[in-house]
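Contents: one structure, followed by commentary.
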Amino acid sequence: MQLPVADGRTVWRYSRRLLADYRAGLVGVVLIQAAAAVAALAVPWLFGGLVDDLRAGATLDLVNRVGVLLLIAVVIQTVFSAVGQRQAMVLGEQIFARLREEFISTVTHLPLSTVERAGTGDLLGRTTNDVDRVQWTVRFGVPRILVTSVTILLTLAAAFTASPATSLGMLVGLPFLILAGRWYLKRATPAYLASSEAWAKLNGSVSETVEQASAVDALGLGPRRRRAMRDAMKGAWHWERHTLFLRAVLFIGMTIGYVLPTAAIIVWGAWLVTNGAATVGAVTTVALYSIQWRGSIGELMFWIDEVQVATASLSRILGVNLVQPDRYASGEEPADSHIEAREVRYAYREGHDVLHGIDLDLRDGERLAIVGPSGAGKSTFGRMLAGIHPPGGGSVTVGGVKLVDLTEEELRRQVVLVTQEHHVFIGTLADNLRLARPGATEVEMRHALSVVGATWAEAFDDGLETEVGSGAVTLTPAQAQQLALARIVLLDPHTLVLDEATSLLDPRAARSLEGSLAQVLKDRTVVAIAHRLHTAHDADRVAVIEDGLIAELGPHEELVAVGGQYAALWESWRQE
Ligand code: ADP
């Protein structure tokens, strides 16, 4: 499943709103650039005048005066261009920063199930390639489009002022430009969209293969992965070629469109001069304008092309906004901390339920172990209990309120899924801890660290302000896991769901961490998805999940005495 893509109208509306918010800045840039453009236009004007003056027998003195004026015009143009360019860049940065912040905030609030279903390639593609493309166009394109549009119009106006008759020659290229432009624009957006998609597929294919290299190796999937990558590469190659073809046609049309006017002005101008309808100077001025014009038109066309690419990318970026949230907070408050699952169903693919209506009452403060064969639905049920995914049917409630009716913040105060993926975020130790509770005081953070036995933190010179993560102090895996556990202490939920399958406990670190973990589990209700039966043995109750249903439930001794599934599992495990 792909993440959604916004349609053209949405992109247009968004861009307009975004640019409108920066209207003052944009107008400022246009005015400064217009001043620079006017100064640049003075140069052909002065040259044309000089030609006529020379024909009329000008003095050296006059030539010198024109020379000084030319110099002044060039200086003015340079200064205004420099200032305008700088303003434009600053503005581009501001607009892009806003876009990026909005995007990051959307991405971090995406429902987890959507992210998982869409695969990493799609989201990764949008956050890297697509953002890069939009960035380039916003930073350089938006300012340059403004500048070149202003320049083109002013040049045309100046040419018509110099000699209306001769200036008609400037227009002969327009049909070519318009035809090529229209032909191109109609085809470009869908092609670039397909190209982005093809690249995302390739990225996804490569990153999946690299991330899961050991699985690929172990299962002998090499040839199949290579084939998949080759196919993805073919797709990307096809679309790159296709968009290149579109650009080639556009550029042919453009070249004709802007070489033709100069030629026409010279031929047509010569005829006008012979018939006394224009002066040689005026024709010179207009011919020079037509040459100056080319640069601006060429640049504008180039940016129109880039805007197509950026529009395609922007529709993918804005598409992320269209993902529906998988829950809405109802504002209800849980009456107590009692968690209850009723008739819980779930399907990863429609029509294929992996949970078939599970009922479970958690008792406050108990240790419940969930066991069962691999693929029975233990982890899936664990995620329902922790409110990660809304169940497909039935409900999981805490104190009478559905978990998915709570705000994310409130939910995490009730129940947390512990996977112990030990990621250290770049920033200070305090930043890493405050992810769990933004308002945590220094005392609270130190307390959390000491609960999990992270005494090493005391040894840092800068204390909680020590920079950690790549490029700074590197924490050992065990320290990183303790940091993650300290975050749970700060969250202080009354219930924890512990998935052993995903708790990447480093075996070497396991011993010291077991103590830390025990401290975190103390005085909380714990659901342990057990893959080692000794966990089950130590639990207050054991739930055996089979085929998406609870087959047996009760204390270890009872289940062993009954002599059912669990007893058999236990027996075979003991004999090992
Ligand atoms: P257990 O934890 O008991 O091993 P799981 O809850 O992981 O079982 O899986 C239950 C079923 O759901 C299995 O058939 C598994 O293949 C399937 N499943 C698990 N995760 C996904 C997923 N992300 N997408 C599709 N199917 C999944």
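Every number for a ligand or one of its atoms is a count from 1 in the order of the listing. Being a predicted model, the structure only gives us computed values, none of them experimental. Scope of the values below: all heavy atoms of this structure, side chains included, with no hydrogens, waters or symmetry mates. When a residue number appears, it is its place in the shown sequence, counting from 1.
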message: If you count heavy atoms of other groups shown closer than 6.0 angstrom to CH2 of W239, is the number above 12?
response: yes
- prompt: Just which atoms of ligand 1 are under 4.0 Å from any heavy atom in K378?
  reply: 1 (P), 2 (O), 3 (O), 4 (O), 6 (O), 8 (O)
message: Side chains of S395 and R342: any donor to acceptor distance under 3.5 Å?
response: no
message: Run the side-chain hydrogen bond (donor to acceptor under 3.5 Å, both in side chains) test on E102 and Y14 for me, step by step, so that the C-alpha distance in whole Å, both residues' side-chain angles and the decisive distance to 0.1 Å come before the verdict.
response: CA-CA 12 Å; E102 287 184 5; Y14 178 84; 2.6 Å; yes
message: Quick check on contacts: which atoms of ligand 1 are under 4.0 angstrom from a heavy atom of P373?
response: 3 (O)
query: Going by atom types only, do E366 and T525 share a side-chain donor-acceptor pair under 3.5 Å?
result: no
query: Going by the atom numbers of ligand 1, which of them fall below 4.0 Å from some non-hydrogen atom of T380?
result: 5 (P), 6 (O), 9 (O), 10 (C)
Ligand 1 contact by G372, heavy-atom criterion under 4.0 angstrom: no
field: Where ligand 1 meets V354 - atom numbers and elements under 4.0 angstrom, heavy-atom basis
entry: 11 (C), 12 (O)
task: Considering heavy atoms of the protein only, find what lies nearest to atom 8 (O) of ligand 1 and give residue, atom and distance to 0.1 Å.
output: G377 N, 3.1 Å
message: Checking D361 against H338: is there a side-chain donor and acceptor pair closer than 3.5 Å?
response: yes
- request: Considering only non-hydrogen protein atoms, determine which one is nearest to atom 7 (O) of ligand 1 and report residue, atom name and distance to 0.1 Å.
  value: S379 CB, 3.7 Å
query: Would S313 and Y192 count as having a side-chain donor-acceptor pair, cut-off 3.5 Å?
result: no
query: For atom 16 (O) of ligand 1, is the nearest protein heavy atom under 4.0 Å away?
result: no
message: Among all the protein's heavy atoms, is there at least one whose distance to atom 10 (C) of ligand 1 comes out below 4.0 Å?
response: yes
query: Considering only protein heavy atoms, which is closest to atom 20 (N) of ligand 1, and at what distance to one decimal place?
result: Y348 CZ, 3.3 Å
- request: Please determine, by modelled atom types, if W456 and Q482 share a side-chain donor-acceptor pair under 3.5 angstrom.
  value: yes
Atom indices of ligand 1, in the order listed, that fall short of 4.0 Å to a heavy atom of A376: 1 (P), 3 (O), 8 (O)
message: Restricting to non-hydrogen atoms, name the atom on V416 and the atom on R412 that form the minimum distance, rounded to 0.1 Å.
response: CG2-O, 3.5 Å
message: Suppose we measure from atom 4 (O) of ligand 1 to each protein heavy atom; which comes out shortest, and what is that distance?
response: G375 N, 2.7 Å
